[in-house]
Amino acid sequence: MTAMQTMRAENRVVIAHLYTSTAAICLGAIFGVFQGFSRAGVVSAPAWFDYYRILTLHGVLMALVFTTFFITGLSLFVTYRSIPRDRKTTAGWLGWTVMLVGTAMAAVTILMGDATVLYTFYAPLKASPFFYLGATILVAGTWIVAYEVLENVAYFRKQHPGEPLPLPVFLAASTFLMWIIATIGVVAEMCLLIPWSMGWTPGIDVMMTRLFFWYFGHPLVYFWIMGAYIVWYTIVPTRYGGKVFSDALTRLTFIMLLLLSTPVGIHHEFMEPGISTKWKMLHTVLTYGVAVPSFLTAFAVFASFEMAARRAGRTGFIDTVKSLPWGDPVFSGAGYGMLLFILGGFGGLINASYSMDMLVHNTVWIVGHFHVTVGGPAALTFLGCAYWMIPRLTGRALWKPGWALWQTRLWFVGMLIMSLSLHYAGLLGAPRRTANVSYVGMPIPNWEPAMMLSAAGGFILFISIMLFVAVAVGTLFANQKTEDMTAEFAEPEPESVPTPAMLQHLWRWGAVALLFALLAYAGPMHEMLTHPAYLAPGMRTW
Amino acid sequence: MHIHKYERWWLTFGIGMLFIFLATIAFAAFADGINPPSGMQQLDPAKVASTPPFDHPGLHKLHDGSYEAYFVAHIFAFAPSSITVPAGSTVTFYVTSPDVIHGFAITQTAVNMMAIPGWVNMMSHTFRTPGTYFLVCNEYCGIGHQDMAGKIVVQ
Ligand code: HEM
Ligand SMILES: [Cu+2]
Ligand SMILES: [Cu+2]
């Protein structure tokens with residue numbers, strides 16, 4: 001095959017991943033806007049398609065499908081473009097197919113009302129086995145993509161002994177190593193859930209399933225964040241004439257994320273019985289550790305802005321911010337995402353603290369929080385990045401770039417309105433995951449105005465997603481060719497020192513990360529095994 | 001590895017802040033005893049209705065004037081659905097579930113914990129201000145979840 005043919009074949013796989021993720025966010029947004037209005041008391045779901053079925057679909061489509069397909073697509077893209085070779089795209093297609101089959105299986109089961117268990121599928125709510133199987137197959141598909149990325153790492157090492165891996169590939173590979181370690185938790189949980197939902201085992205150890213779930217659940221969050229950081233470090237700087245502030249620091253940041261993302265999951269279980277406070281405390285300390293690579297990222301991103309601004313003769317904070325290309329949808333997606341992350345990071349420190357979490361646990365504060373983390377920095381960065389990838393994949397100029405720009409602005413404003421009002425209602429105690437919050441005849445605090453406002457924010461977000469879909473799909477049909485399909489990734493600043501060899505050993509760091517995860521869970525696991533719990537038979541309560 | 005000067009400042013500042021937060025939490029935990037609930041007592045979910053004191057859930061006054069309140073969180077209600085205590089009382093809440101997971105949260109207080117089948121969770125609170133407090137299940141438990149609520153009346 002010629003290089004051109006190979007590139008076309010690669011592009012087709014990435015397009016498949018990218019547009020699947022687009023379909024997921026489009027559907028997810030329709031459910032999302034409905035949820036906002038339902039909780040504001042404006043609409044209510046019909047009995048044949050109840051609120052919780054909608055919420056399960058929203059959670060699964062957004063948190064598991066949209067994000068995952070985007071990150072697999074992005075990782076394949078950076079790998080293919082950074083390591084050109086005469087390659088087959090079989091693994092990319094196989095991964096996509098398996099992921100899609102798993103998604104379809106889970107989605108149909110939810111649609112039929114046989115898995116109204118929300119995206120966290122907490123036992124002993126008992127879904128149809130097809131739901132658990134579908135989720136497992138989705139995860140298995142991601143492993144095929146992980147294999148493809150890591151196989152290319154091995155290929156590059158063989159071809160270029162002694163040379164450092166291209167930075168984008170290093171970042172994608174460490175993200176997938178983290179993901180492989182994290183998804184062990186899902187597989188372990190499924191080994192309990194599937195036989196139980198088949199009726200082969202009489203009951204389930206509820207706390208054990210929750211331990212496994214959150215062993216996976218927190219690193220899932222970091223999977224999204226690492227996806228966004230790949231874009232911030234290696235793609236966004238090319239939009240403002242910037243560079244990677246430091247190659248070594250970037251690799252260090254990702255190694256820290258690889259090491260620290262998993263051993264923190266118990267911070268989701270603070271309010272639960274059956275786990276001693278010492279393990280809760282340990283995971284609190286480690287959680288604060290995983291904030292460090294994000295501090296580093298905040299520094300590196302701003303430093304990169306500043307170096308670029310200085311080269312253009314601009315200095316000072318205001319001038320630096322003004323010098324950035326806010327009119328470019330690729331940049332503004334990431335840029336507004338970063339701004340939202342300030343709010344998200346601040347809230348996260350509160351949630352993670354062992355004692356303050358009591359005030360916000362399971363209130364809509366949490367919903368506000370994760371929409372300014374995964375819904376802000378991650379999702380908005382991905383949407384901006386899609387505007388960068390689509391022309392490079394299809395050879396077509398973006399259709400309606402003005403709409404794309406307004407999409408990012410509306411998302412920022414809508415998200416601020418929705419999230420801030422949810423944070424506020426959460427402090428008043430409004431619970432999350434409820435079809436409405438009116439509680440007729442009950443002495444509830446006055447959170448209704450805030451819930452109304454959050455619905456209005458949700459509506460703006462909905463409009464924003466529709467603009468995104470219009471641009472993404474419109475580009476496929478509008479016939480405006482662009483000649484240049486090359487993808488440039490940011491280079492490191494020239495004055496930075498060469499990267500120490502220690503930071504290149506991906507496999508070794510992966511092994512250390514696995515060890516960390518096992519150590520952090522050995523204590524709580526031992527506690528559970530030595531105090532065997534009563535098994536819950538489980539039931540279908542919907 | 002070479003680390004830029006400003007970066008070192010920033011990192012020192014950031015990590016320093018994290019340590020301050022951690023120290024505050026540790027202080028609250030060890031000096032003031034502010035800990036999240038971590039009930040370690042087990043109870044067979046199939047036997048909740050026949051095991052005292054959960055066979056007669058409700059309020060019990062202790063000799064020292066404080067209260068113990070035993071709650072069963074089940075689909076889709078709390079038993080009891082309401083309790084009344086005098087202002088200034090300290091109440092220790094014990095909660096378990098015979099079916100699926102539920103939440104147990106009292107708005108405007110720090111009482112917020114999970115009810116998990118197989119376990120008894122617990123948390124104390126002193127009600128200083130009279131009023132009617134809202135008790136709510138804040139974890140999805142099924143189709144009637146939005147109706148699962150109760151009251152704590154403080155007189
Ligand atoms: C159109 C934009 C969106 C709107 C209007 C929206 C609205 C909402 C609302 C109102 C809830 C709370 C429902 C409840 O607790 O009862 C919710 C939950 C959730 N949203 Fe969104 N959302 C949007 C986009 C997103 C995005 C982009 C993501 C992630 C990539 C996301 C992830 C989630 C998750 C994980 C939940 C939790 C589901 C659960 O509690 O089981 N949302 N969303
Ligand atoms: Cu977490
Ligand atoms: Cu409930």
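Here is the naming used below: chain letters follow the sequence lines, and residue numbers restart at 1 for every chain. Basis for what follows: all heavy atoms, side chains included, without hydrogens, waters or symmetry-related copies.
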Which bit of [X] is near chain B, if near means a heavy-atom gap under 4.5 Å: side chain, backbone, both or neither?
{"X": "Arg210(A)", "result": "side chain"}
{"X": "Leu535(A)", "result": "backbone"}
{"X": "Ala303(A)", "result": "neither"}
{"X": "Trp279(A)", "result": "neither"}

Does any heavy atom of chain A fall under 4.5 Å from the side chain of [X], the backbone, both, or neither of them?
{"X": "Ile75(B)", "value": "side chain"}
{"X": "Tyr133(B)", "value": "backbone"}
{"X": "Leu43(B)", "value": "backbone"}
{"X": "Ala105(B)", "value": "neither"}

[X] [atom1]: over 12 foreign heavy atoms closer than 6.0 Å:
{"X": "Tyr424(A)", "atom1": "OH", "answer": "no"}
{"X": "Phe346(A)", "atom1": "CZ", "answer": "no"}
{"X": "His60(B)", "atom1": "NE2", "answer": "yes"}

Answer yes or no: is there a side-chain heavy-atom contact under 4.5 Å between [X] and [Y]?
{"X": "Phe76(B)", "Y": "Thr541(A)", "result": "yes"}
{"X": "Tyr140(B)", "Y": "Leu125(A)", "result": "yes"}
{"X": "Asp99(B)", "Y": "Pro124(A)", "result": "no"}
{"X": "Glu269(A)", "Y": "Met114(B)", "result": "no"}

Of the listed residues ([options]), which shares the most heavy-atom pairs with chain B below a 4.5 Å separation?
{"options": "Pro445(A), Pro431(A), Gly429(A), Pro443(A)", "value": "Pro443(A)"}
{"options": "Tyr122(A), Tyr51(A), Phe295(A), Trp542(A)", "value": "Phe295(A)"}
{"options": "Val437(A), Leu118(A), Asp50(A)", "value": "Leu118(A)"}
{"options": "Val440(A), Thr363(A), Thr434(A)", "value": "Thr434(A)"}

On a heavy-atom basis, which atom in [X] and which in [Y] lie closest, and how many Å separate them?
{"X": "Gln42(B)", "Y": "Pro532(A)", "result": "OE1-O, 3.1 Å"}
{"X": "Asn121(B)", "Y": "Glu272(A)", "result": "ND2-C, 3.9 Å"}
{"X": "Tyr439(A)", "Y": "Val136(B)", "result": "OH-CG2, 3.4 Å"}
{"X": "Trp447(A)", "Y": "Thr107(B)", "result": "CZ3-CG2, 4.2 Å"}
{"X": "Tyr52(A)", "Y": "Gly142(B)", "result": "CE1-O, 3.8 Å"}
{"X": "Asn362(A)", "Y": "Glu139(B)", "result": "ND2-OE2, 3.3 Å"}

Report the distance from atom [atom1] of [X] to atom [atom2] of [Y], rounding to the nearest 0.5 Å.
{"X": "Phe134(B)", "Y": "Leu428(A)", "atom1": "CZ", "atom2": "CG", "result": "12.0 Å"}
{"X": "Ile101(B)", "Y": "Met207(A)", "atom1": "CD1", "atom2": "CE", "result": "10.0 Å"}
{"X": "Arg433(A)", "Y": "Cys141(B)", "atom1": "CZ", "atom2": "SG", "result": "11.5 Å"}

Is the backbone of Leu359(A) close enough, under 3.5 Å, to the side chain of Asn112(B) for a donor and an acceptor to pair up by distance?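 Pair absent, no side-chain N/O of Asn112(B) close to backbone of Leu359(A).
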Of the listed residues (Gly144(B), Ala110(B), Ser97(B), Gly118(B)), which shares the most heavy-atom pairs with chain A below a 4.5 Å separation?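 Winner by heavy-atom pair count: Ala110(B).
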